[in-house]
Amino acid sequence: MKHQSRFTYSLKVLFSRKLVVFAVCLVVLFVLIAVFIPVLSPYDPYKTDMTSSLLKPSSEHWLGTDKLGRDVLTRLMYGTRTSLCIGVLSVFLSSILGVAIGLISGFYGGIVNTVLSRIVDALLAIPNIMFAMALSIMFSSGSILGLVLVLGISTVPTYARLLTAQVLQIKNSDFMTAEKVLGISNKKKIMSHLLPNCISPILVVLTANIGFTILAESSLNFLGLGVSAPVASWGGMVSEAYTLLLSRPVYAMAPGICIMLLVFGFNILGDGIRDAIDPRLRGTL
Amino acid sequence: AGCGGTKDTASSSADESRVTETAANAGENSQAAETNAENSNYGGTLKIGLQNAIVHLGYVHTGLGTSEAMILDTCCEHLCRYAEDGTLTPWLCTAYEEDPDNLTLTVHLREGIKFHDGSDFNAEAVVWNWQEWTNAGNIELNCVDNYEIIDDHTVVVHLSEWSNNIATSCLYTAGIMVSAEYAKANGTDALDKNPVGTGAFKFEEWVVDEKIVFKANEDYWIEGLPYLDGIEFAIIPDEAAQISAFQTGEIDVLLNCNSDASRTLKEAGFTPEAKSLISGGMSFMFWFSCQDDGPMGNVDARRAVCSAIDKDAIVNYIKENSGAVIERTAQWGPNDVWSANPDLKGYPYDPEAAREYLKAAGYPDGFDMIIYYGNGGDDEEICSLAQSYLAEVGINAKLELIDSTITNELSGINGESFNGMIFSAGRAEVDLTTYYNRTFLPDGVRWVNQVTHEEDIVELINLATTCKTFEEKEKYCQELSKTVIDDYCELMPLYISSDTIFTHGNLVDHGIYQINAIIWTPESAYLTR
Amino acid sequence: MKKYIIKRLGQAAITIILISVFAYLLMYIVPGDPVYAILGSDITREQYEKQYLLMELDKPMLVRYWHWVEKIVQGDMGLSYKYTKPVMDLLRQRLPVTMYLGGISLIISVFLGIILGTLCGINRGRTVDNVLTVLANIGSVVPGFWLAVVGMYIFSIKLGWLPSYGFSFPTAGVGLSIKQTIMPVVCLSVGAVASLTRQMRSGMLEVIRQDYIRTARAKGLKESQVIVRHAIKNAIIPVVTLLGMNLRGIVSGAVTIETVYAINGTGSLLVNSIVGRDYPVIQACVLIISVVVVLSNLLVDICYGYLDPRIRLQ
Amino acid sequence: MEHFWEVKDLSVSYENLDGLTQAVDHVSYYVDHGEIVGIVGESGSGKSQTQLAALQLIPTPPGKIDNGEVLLNGRNILSSKPNSSEMRKIRGGRVGMIFQEPMTSLNPVKTVGFQIIEAILLHSDTDKKKAEEKAVELMEKVGIADAKTRLYDYPHQFSGGMRQRIMIAIALAGNPDMIIADEPTTALDVTTQAQILDLLKTLAKEKNTALLMITHNLGIVARYAERIYVMYAGNIVEAGTTMEIFHEPSHPYTRGLLRAVPRLDDDKNRLIPIDGNPPTPTNRKEGCQFIDRCRYACEKCYGKAMPALRQESETHFIACYLSKEELDEKEKSWETEKSVHKSLPGDEVVLEAKDIDVSFPVKGGFFKKKSGNLNVLHHVNFQLYKGETLGLVGESGCGKTTTAKAVLKLLDETVGKVYLNGEEILGVPERLFRKERRKIQMIFQDPSSSLDPRKSAEELVGEPLFPYGLVKSKEEYDNRVDELFKLVGLEPALKTRYAHEFSGGQRQRVGIARALACEPEIIICDEPISALDVSIQAQIINLLEDLQEKLGLSYLFVAHDLSVVKHISHRVAVMYLGVIVELTSSSDLYKNPLHPYTKALLRSVPIPDPVLQEGEKNYELRGEVPSIVKRPEGCPFSNRCELATEKCRQQIPDFQEVEKGHFVACFAVKKSC
Ligand SMILES: Nc1ncnc2c1ncn2[C@@H]1O[C@H](COP(=O)(O)OP(=O)(O)OP(=O)(O)O)[C@@H](O)[C@H]1O
Ligand SMILES: Nc1ncnc2c1ncn2[C@@H]1O[C@H](COP(=O)(O)OP(=O)(O)OP(=O)(O)O)[C@@H](O)[C@H]1O
Ligand SMILES: [Mg+2]
Ligand SMILES: [Mg+2]
């Protein structure tokens, strides 16, 4: 361990579990699909063809076609793009906002912290989906960007709380005292010592949260508050197909399974990263 | 003769026979009932699955929604019913006479009927109901000067000016009868939770958002009816649950399912029941926001949109998948009715023409627009299809899902104009004067900030409502239709759809959706085993 | 301990006040004219203006908020636009349903989660652990509504064992009630069971490494005694703190599950009222549900104090 | 001859991601009835693993007992399954165990009564009632007052020392024939340590119970054990009676250890550290494990297997290729190295603390209102001269760190005056003081937590260089960083590493280099060596001494280990519950302690010399260390002091100079100058 860099060690821990390897493969696969769909599929995800509506799976359409005659597999692959976009971007947004709030409330402590903590408490008490529902009506554009905002904002409190705790802990650590003894300025203390040390637990939650966000997006879609047609999204496809479960089982099950696989991938990856970078974090989230 | 003349004579001459016919029918039915009782099973409780939440029930004087109106028919009856051909037929009254010259409508009431609370159904009750209707702010009876009670079972309505809709308004629209005594004793609000009518079933219980229960009325005025012991409406908002509940037999009837559910049930071997309708279906159409500064404010751009979309293909597609009877039409109402204009073209599918229109409008390369649509039905598919057609002529439409509040706001008096169109459904009225005035008159309440209030349209509407002969009305209505759709291209009708039901095949004479979606004649329905 | 409870009560009170602000503010961030929400379509200018004034929409927001709070304190949450009846009455009907289902789910998931998690923890690396861990991971990623729909097809349509919709309390017939409760409860619990199993597993792994477990073993206790007497209670402590989160998850789940199974609980009420802009109901639902969550968290914290004597004394 | 307990050739290994760890390698030892046997060795040498493996308590997997047998009265208990009933009867019934960490070894959510009674019931047929009585009896026996009322208290309601007593009660509950005490006092203060160890010894002798005492503290084994095994990297390297080990230490490692630890009685000027770091038993190589650190190593030692234990005398065994004579021979040649060069302090005061009080607000209630004060420091006074080391000792929680922080102006709660080079600093706003901070630096107790884990050693050390304008250019910067590394004895090549990639000793060196980077005049050392291994401590102490000489630094050296403080300091201040009770020169302190507390403290410190220990009357200090929260009214020590009078309990004695340079705060000490 001594002569092994932390990074390679972490990687080693990460990949020592078969499940994690599987999860990483899943995520990578989905990312590749999202990036390369236009090359992968000969079909246009938006071109409707009413004559080939709801075809059963065949060699031409591996998973059949949807109501408007679009290739289900192609739309699933475009849905990957949507889901990943929403998942990744919203988590990005919320973590940045959350980190900023957490840093402020943790570093300045006192009244700032008390006020912000109570607000975060209050927001955390409102079930996520309600918050998201209200927000999604507010931004009712039905666009991907809108959903990113909605889901991003609704998870900000989680990060804020986590980071506040983290900052409060690190702020009082010996090495931060050491910085003070050295007479280093506040700005430098925050940016180059406090922040980097708070990031790793955030990273863990972040990965897992991508999964949860994708799930939340599908729930919203199911409630009719998701991305507008004709953009392909898994949640949208579930809600558009679930009544056809009996007659078109493949069409109805496929988007659900995709959601599960991707979320599963991110969850396991999150767990894996947590184990790899900080075993002490186990079970705290 | 006044402008209601044609109907007037026809209905009054038919009155007697009609009444006897009804009675005879009832007799026949009761006989049939007896035979049925021996061989097969009737009675029992009919469970009907319903997807919409019900908000109002018995306070008839506020506007009721489609399902609400239908449910209320279980326990309350109208003075007249519609026959299958769409003519007004006496039911709680025995006959009526219209007199446009003397500005009167005389109504003869059926005798010996009691409300469920035991009070008598008489002239006083009828007048109270009418007055209540007006008091609640409804405009239909605004032309009435006063009501004259001749005796217990005869009322004369005196008008201040002639309206050719007065019979429909008094006998059907405002002609639904609830117990005045009950209302006086408990307040009209009580009626909202506990409707008291004269119908074959008595209201029993209403668990909001869950179920509405009716029990058979032992003292129904038609001897031997009803057959069923009770009727229960079960509210199931989710489609999957509806399908499942129907398939497992938890409900006997599924009302108004969309094409997905129809398709699934059809594939599971059920046949939808739907009647081809002359009147009373739902009309599905796109409304343009014509007052917008953007492309939508330009009539040629709207024409381009209309021509670019293959409406026939879309409707065919919907028709194939749906369980309902669907009729492609280019007008607001159905195709084969008196108000329909056979000359109306309605911009048939023609991408070339669309491109021409685009050029004429000054957008040779197309433009951006929004299509708003609501949640439910086949709206999303239709709009997606429309969008992909528009894309082909270079019009880039963005779909946006909105909910009913936003729809109401956009269509309401404060609605802001937007660059696009909105997909919406409304009752397919035969008589255009009932809806056009709400929309195209400058003091209307619907789409007022979206449609153009062109002078010629306003004038045609006024002429159509006040004319005294039916021929005139027919002419003005047809002209109106063409002006609105062909000349100004304010809306793009797609189709008219009937309402469908699925049953397990053991429900006989159910009377649901026989006339239209808001009329139900439940008294002679029964279940076989 | 008393001090601690008082302190937590104080915090909860502040949180609730803030929630009330958020709940009220929702009305203003959500677009859609409340007048249309209440009156529906086809309203005339007079009707609009009358209603506008009636709803005090001309008053400043703070004044309206204050009036709202005043009324709430008196137990009046206003009238539902849609149902035209007091929101209080609505909630009185709906809340017990969600609390009943949620409560059962919570109890089931806590029990199952603890048992399964312990099994995994003490059998780390063995087949039981691997199988359960994979199941738990899958369980936590199944969208609840999807499971509900799939379950409905299997158990109602295909097998005909369970009803497709509806809900009734056991007081209205035990048999039917149980049948109606099974699927919703399963769908609501799956996620929570999964996450509790995972949490319990890691809690167990953590505890099992502790010195006092070694002490217990060195005393000569049987392995089962070590686990039951010394490990489980310690492992539960961190899990208990996460119960609040799980509760929140269950409530979120109720929103979709209740919609699918046509259960008239708070979840479906909330969906309907958000879509229908029934603001008084939205506000009341958000307020009540959040308050329930806050109070349960409070309860959890107090339980935590009782579970962990170290906290109790502070 | 059959021994009561004999471990033969026991090997334990762990296999996980890092590779194979040979934690215990062919270890053999025995214990007879009534005997007290000590096992010493640094952290990680396999002391605990040997015992745990013998009782089959190691986790399997990843652990594995590779070979060996454990004979209890001649019967091999390793042939029983780990969870078999025979094994369980032995655990607790025949062999009781006490663990290192009293804080974590008791189940926090069960009452101590439950935990003791559970152990009693397991190994006897009594009913619950009797067991309860016996538990109370046991608790009284191990010295817990009010045993009856405290039976159902939870562990956290007891202090560390009391918890360790409860652990002993648990270990005694099954009437075992042998008690294994695995570092029973490492986490405790010296005074408590003495109490616990004395108790253990008495109990063992009383019942003729064998006692296996595991520790890394040479003083403890010297004082208590009869026979000693020395472990290094999983092997036993030397075994013998206490006398043999301390007076004729043979193995180079044992010799090294004895030379490296400072002793209270010895005025040696310089410690001789063992070079290098203790090995990690992971992926270890063949051959003598000590070879890399051995100053005696010669060609003879290389390229062979691990040397076997060779009998030196009847009881004395060593595992070394070199004979005792060869080793002695080598040692003679280094005699001259023990040169004397302890710098002498100047007479210029660089830092002065005047009447420092620190009280933390105790917050409570609804709105976190201040509900009281926790008076941590009370009128602390001292002066630090240029080039001087002032030691500060005291038990855990007495306020040493608080003092250090107060003079560093890190606590806003500080009241009083702190003069830095004659100028008051407490009143200066932080903004203005920031540039002055350069002059007074700090070294922390825990070298790993005081270094930002995300910065490389270079960034850590070089951080203050630019802000203070100590370097002008990148080139200068690089040179200076290299220079600093060399100064603290680190290869400049290591500067790209991160904190966790260093060993403990190296990490502390980085911490020192960082403090030196500012070119300070004063360094506050807050227990800079207590987290380090014994063999490393000497390296750091020497380094600090060298730096002082080279750079003329002044140190405030905080520690709880009196021997270390005495060794390194010119003057020593003894602190008790936030009050400095005695301050004098370090030689004076040992020879002429005046305050009763200092006396007790000195007598509690075990000296690694069995002969000296013999003569020492084991001084019993009454009671537990009280917490600062419950400081007595008058003299803080009054409730434990033998000489306490009514006056002591009511008034706080002044801190006064009783002899030249000797300050004491005690009423019983008369002024003589
Ligand atoms: N579970 C484990 N996995 C891998 N290695 C282990 C495990 N437990 C102990 N070891 C290794 O075994 C070696 C011996 O450990 P042991 O606990 O016996 O040391 P010790 O001499 O008691 O030290 P200390 O003074 O720190 O208690 C250590 O190097 C440790 O790294
Ligand atoms: N910020 C604080 N708030 C309240 N109490 C404090 C604070 N910091 C320290 N204390 C208390 O002050 C007392 C002295 O603490 P300090 O850290 O100075 O002790 P110490 O002598 O360094 O002990 P150790 O040897 O364990 O490091 C302790 O009882 C501690 O609980
Ligand atoms: Mg150990
Ligand atoms: Mg300290």
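Reminder, nothing fancy here: chain letters follow the sequence lines and each chain counts from 1.
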Min side-chain heavy-atom separation C:Y36-B:I413 under 4.5 Å: yes
Spacing of CG belonging to C:L159 relative to OG1 belonging to B:T248, to within rounding of 0.5 Å: 12.0 Å
Residue among C:S164, C:S156, C:A262 with most heavy-atom pairs under 4.5 Å to chain B: C:S164
Largest heavy-atom contact set with chain B, pairs under 4.5 Å, which of C:I263, C:V35, C:N264: C:N264
From CG (C:L162) to OG (B:S244), nearest 0.5 Å: 10.0 Å
Under 4.5 Å from any heavy atom of chain B - which part of C:V260: both
Top contributor to chain C contacts, counting heavy-atom pairs under 4.5 Å, from B:I235, B:N414, B:V207: B:N414
Heavy atoms of other groups near B:E416 CD, more than 12 under 6.0 Å: no
Distance-minimising heavy-atom pair for B:V208 and C:K85: CG2-NZ, 3.9 Å
Which atom of B:P237 lies closest to which atom of C:T259, heavy atoms considered: CG-O, 4.4 Å
Contact class of B:E210 relative to chain C, heavy atoms under 4.5 angstrom: both
Closest contact, heavy atoms only, C:M152 versus B:A241: SD-CA, 3.4 Å
Over 12 foreign heavy atoms within 6.0 Å of NZ, C:K179: no
Between C:Y153, C:Y48, C:Y165, C:F167, the one whose heavy-atom pairs under 4.5 Å with chain B are most numerous: C:Y165
Toward chain C, the part of B:L410 with a non-hydrogen atom under 4.5 Å: neither
Residue pair C:Y261 / B:D238, side-chain donor-acceptor N/O under 3.5 Å: no
